[in-house]
Colleague: 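Can you keep this structure in mind? I'll have questions shortly.
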Amino acid sequence: NLGIGHATKAVQAFIKVTQLNPNYPEGYNNLGSALQQLGKYNESIKYFENAVLLKPDFSDAYYNNGISHQELNKLDLATELYRKAIEITPNNWQAYANMGRAFKMLGELEKSLTAYNGAVAINSTDPELFSNIGNVFLDQDKLDEAIDAYKKAISLKPDYAEAYNNMGNALREQDKLDEAILCYQKSFTFKPNFSLAFNNMGTALKEQGKLEQAIELYKKALNLDPRN
């Protein structure tokens with residue numbers, strides 16, 4: 001990712017590129033990407049659209065346009081743009097992953113799983129993919145499947161605090177409170193400022209009737225993040 005200063009300079013440079021060569025699709029795509037880095041998602045979209053008008057099989061421009069639409073919460077359009085990118089470049093696992101995220105946000109969990117599995121079929125070494133699959137299973141109350149997915153994520157990234165936290169949540173749902181607490185402890189061992197893990201461990205202790213310990217953990221969570 002470009003810093004703000006570099007992205008601003010990049011925008012200025014790519015504007016000149018498109019002025020000098022208005023039929024150069026890569027110039028519009030690069031300009032859109034630089035605007036995206038600045039959070040100017042609406043503005044970026046028109047340049048991605050210019051790019052694909054000039055080059056209808058421009059997979060990267062469809063993918064980048066999907067990101068801008070997703071950032072604007074235009075999720076149905078985002079999934080269609082990712083689908084178009086994948087049609088042109090079938091090994092674009094990031095497009096599958098972003099599609100999975102968009103479908104999860106839409107509450108379309110089976111479609112989300114299908115997309116994430118598409119990503120995993122291409123890239124089986126990214127721990128975040130397996131953690132995200134676990135999150136979908138957790139939303140579906142498929143707790144054993146969720147735990148298996150989190151274990152896979154952790155096998156790829158042994159210090160994956162978020163996966164430990166989420167696996168703790170799945171175990172807590174199964175009333176395996178001691179195992180859940182061990183997961184939360186692992187989570188904030190690897191990420192000492194992880195307010196959510198302290199909060200979740202507090203809830204597990206409360207469910208065990210250990211109220212004083214639970215209160216201490218809730219206080220810790222609030223100190224780390226007063227919004228929690």
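Since the structure is predicted, the reported quantities are computational estimates derived from the model, not experimental observations.
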Colleague: Assigning hydrophobic clusters by single linkage (Ile, Leu, Val, Met, Phe, Trp, Tyr; side-chain heavy-atom cutoff under 4.5 Å), is Val17 placed with Leu38?
Modeller: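 Yes.
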
Colleague: If you compare all heavy atoms of Pro192 against all heavy atoms of Leu224, which two are closest, and at what distance to 0.1 Å?
Modeller: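 For Pro192 and Leu224, the tightest heavy-atom pair comes out as O-CD1, 4.0 Å.
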
Colleague: Taking atom types as modelled, find out whether Asp178 and Gln208 have a side-chain donor-acceptor pair closer than 3.5 angstrom.
Modeller: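 There is such a pair between these side chains.
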
Colleague: Indicate yes or no: does Lys151 engage Glu179 in a salt bridge with an N to O separation below 4.0 Å.
Modeller: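 Looking at Glu179 together with Lys151, the answer is no, because their closest N to O distance does not fall below 4.0 Å.
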
Colleague: Report yes if the side chains of Leu138 and Tyr150 come closer than 4.5 Å at any heavy-atom pair, otherwise no.
Modeller: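 Yes, close enough: below the 4.5 Å cut-off.
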
Colleague: Once you round to the nearest 0.5 Å, how far does CG of Asn193 lie from CG of Asn223?
Modeller: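 The distance works out to 13.0 Å.
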
Colleague: Indicate the atoms forming the closest heavy-atom contact of Ala61 with Ala51, along with that distance.
Modeller: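 It is CB-CB, 3.9 Å.
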
Colleague: Is there a chain of hydrophobic side chains (I, L, V, M, F, W, Y, each step under 4.5 Å between heavy atoms) that links Ile181 to Leu217?
Modeller: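 Per the 4.5 Å side-chain linkage, Ile181 and Leu217 are co-clustered.
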
Colleague: Taking Thr189 for the side chain and Gln185 for the main chain, is one N or O donor matched with an acceptor at less than 3.5 Å?
Modeller: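 Yes; judged by distance alone, with no hydrogens or angles, the pair exists.
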
Colleague: Looking at Met99, is its backbone amide N or carbonyl O close enough to the side chain of Thr79 to form a donor-acceptor pair, meaning the two atoms are under 3.5 Å apart?
Modeller: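 Not a single qualifying donor-acceptor pair exists.
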
Colleague: Salt-bridged, Glu145 to Lys142, with N to O below 4.0 Å?
Modeller: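 Result for this pair is no, no salt bridge flagged.
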
Colleague: Give, for atom OH of Tyr62 and atom CG of Asp57, the distance between the pair rounded to the nearest 0.5 Å.
Modeller: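 The CG atom of Asp57 is 8.0 Å from OH of Tyr62, to the nearest 0.5 Å.
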
Colleague: Are Leu106 and Leu109 co-members of a hydrophobic cluster defined by side-chain heavy atoms under 4.5 Å apart?
Modeller: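 Leu109 clusters together with Leu106.
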
Colleague: Ignoring hydrogens and angles, tell me if any N or O in the side chain of Ser131 forms a donor-acceptor pair with the backbone of Glu128 under 3.5 Å.
Modeller: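 Side chain of Ser131 to backbone of Glu128: no pair is present.
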
Colleague: At what distance, to the nearest 0.5 angstrom, does CG of Leu196 lie from OH of Tyr184?
Modeller: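 Answer for the CG-OH pair, Leu196 versus Tyr184, is 8.5 Å.
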
Colleague: Consider only side-chain N and O atoms of Thr89 and Asn91, and report whether a donor and an acceptor are under 3.5 Å apart.
Modeller: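 No pair is found: no donor N or O on one side chain lies under 3.5 Å from an acceptor on the other.
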
Colleague: Please table the atom pairs, donor to acceptor, closer than 3.5 Å between any side-chain atom in residues 160-168 and protein atoms at least two apart or in another chain.
Modeller:
residue: Glu162; atom: OE2; partner: Lys191; partner atom: NZ; Å: 2.8
residue: Asn165; atom: OD1; partner: Asn200; partner atom: ND2; Å: 2.9
residue: Asn166; atom: ND2; partner: Asn135; partner atom: OD1; Å: 3.1
residue: Asn166; atom: ND2; partner: Glu162; partner atom: O; Å: 3.4

Colleague: Rounded to the nearest 0.5 Å, what separates atom NZ in Lys84 from atom CD1 in Ile86?
Modeller: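 Lys84 NZ to Ile86 CD1: 12.5 Å, rounded to 0.5 Å.
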
Colleague: Within the structure provided, determine whether Met201 and Leu205 are in side-chain contact (heavy-atom separation under 4.5 Å).
Modeller: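 A side-chain contact exists here, since the closest heavy-atom pair is under 4.5 Å.
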
Colleague: Tell me, do Lys186 and Leu182 make a side-chain contact under 4.5 Å, heavy atoms counted?
Modeller: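 Side chain of Lys186 against side chain of Leu182, heavy atoms only: no contact under 4.5 Å found.
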
Colleague: Which atoms form the tightest heavy-atom contact between Thr125 and Asn123, and what is the distance?
Modeller: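 Minimum heavy-atom contact is OG1-OD1, 2.9 Å.
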
Colleague: Find the distance between CG (Asn92) and CD (Glu87) and round it off to the nearest 0.5 Å.
Modeller: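 If we round to the nearest 0.5 Å, Asn92:CG and Glu87:CD are 12.5 Å apart.
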
Colleague: Decide yes or no for Val11 and Leu35: does some side-chain heavy atom of the first lie under 4.5 Å from some side-chain heavy atom of the second?
Modeller: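 Yes, close enough: below the 4.5 Å cut-off.
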
Colleague: Return each pair, listed once, that meets side chain to side chain donor-acceptor pair (under 3.5 Å) where at least one residue sits in residues 25-36; pairs must be two or more places apart or across chains.
Modeller: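 Passing the test, one end in residues 25-36: Glu26-Lys55, Asn29-Asn64, Ser33-Asn64, Gln36-Ser68.
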
Colleague: Please list all pairs meeting salt bridge (charged side-chain N to carboxylate O under 4.0 Å, His left out) that have one or both residues in residues 207-222, counting only residues at least two apart or in different chains.
Modeller: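 Qualifying pairs, neighbours excluded: Arg172-Glu207, Glu216-Lys219.
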
Colleague: Nearest 0.5 angstrom please: Ile133 CD1 to Asn117 CG, how far?
Modeller: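 Here the rounded value is 5.0 Å.
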
Colleague: Would you say Phe48 and Phe58 are hydrophobically clustered, going by side-chain heavy atoms of ILVMFWY under 4.5 Å?
Modeller: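 In one cluster: no.
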
Colleague: Decide whether Thr114 and Tyr96 meet the rule of one side-chain donor and one side-chain acceptor closer than 3.5 Å.
Modeller: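 Their side chains do not contain a donor-acceptor pair, so the 3.5 Å distance test is not met.
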
Colleague: Anything under 30° is parallel, anything over 60° is perpendicular, the rest tilted; go ahead and classify Phe198 against Phe188.
Modeller: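 The rings of Phe198 and Phe188 lie parallel, inter-plane angle below 30°.
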
Colleague: Do Ile45 and Leu72 have side chains that approach each other closer than 4.5 Å (heavy atoms only, starting at C-beta)?
Modeller: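 Yes, their side chains come closer than 4.5 Å.
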
Colleague: Indicate yes or no: at least one non-hydrogen side-chain atom of Asp126 is less than 4.5 angstrom from one of Trp93.
Modeller: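 Yes, their side chains come closer than 4.5 Å.
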
Colleague: For Ser187 versus Phe194, what's the shortest heavy-atom pair and its separation?
Modeller: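 Answer, listing the atom of Ser187 first, then Phe194: OG-CD2, 3.1 Å.
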
Colleague: Does one hydrophobic cluster hold both Leu143 and Leu113, with members joined at side-chain heavy-atom distances below 4.5 Å?
Modeller: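 Each belongs to a different hydrophobic cluster.
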
Colleague: Counting distance only, does the side-chain N/O of Tyr82 pair as donor-acceptor with the main-chain N or O of Gly66 below 3.5 Å?
Modeller: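 Yes.
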
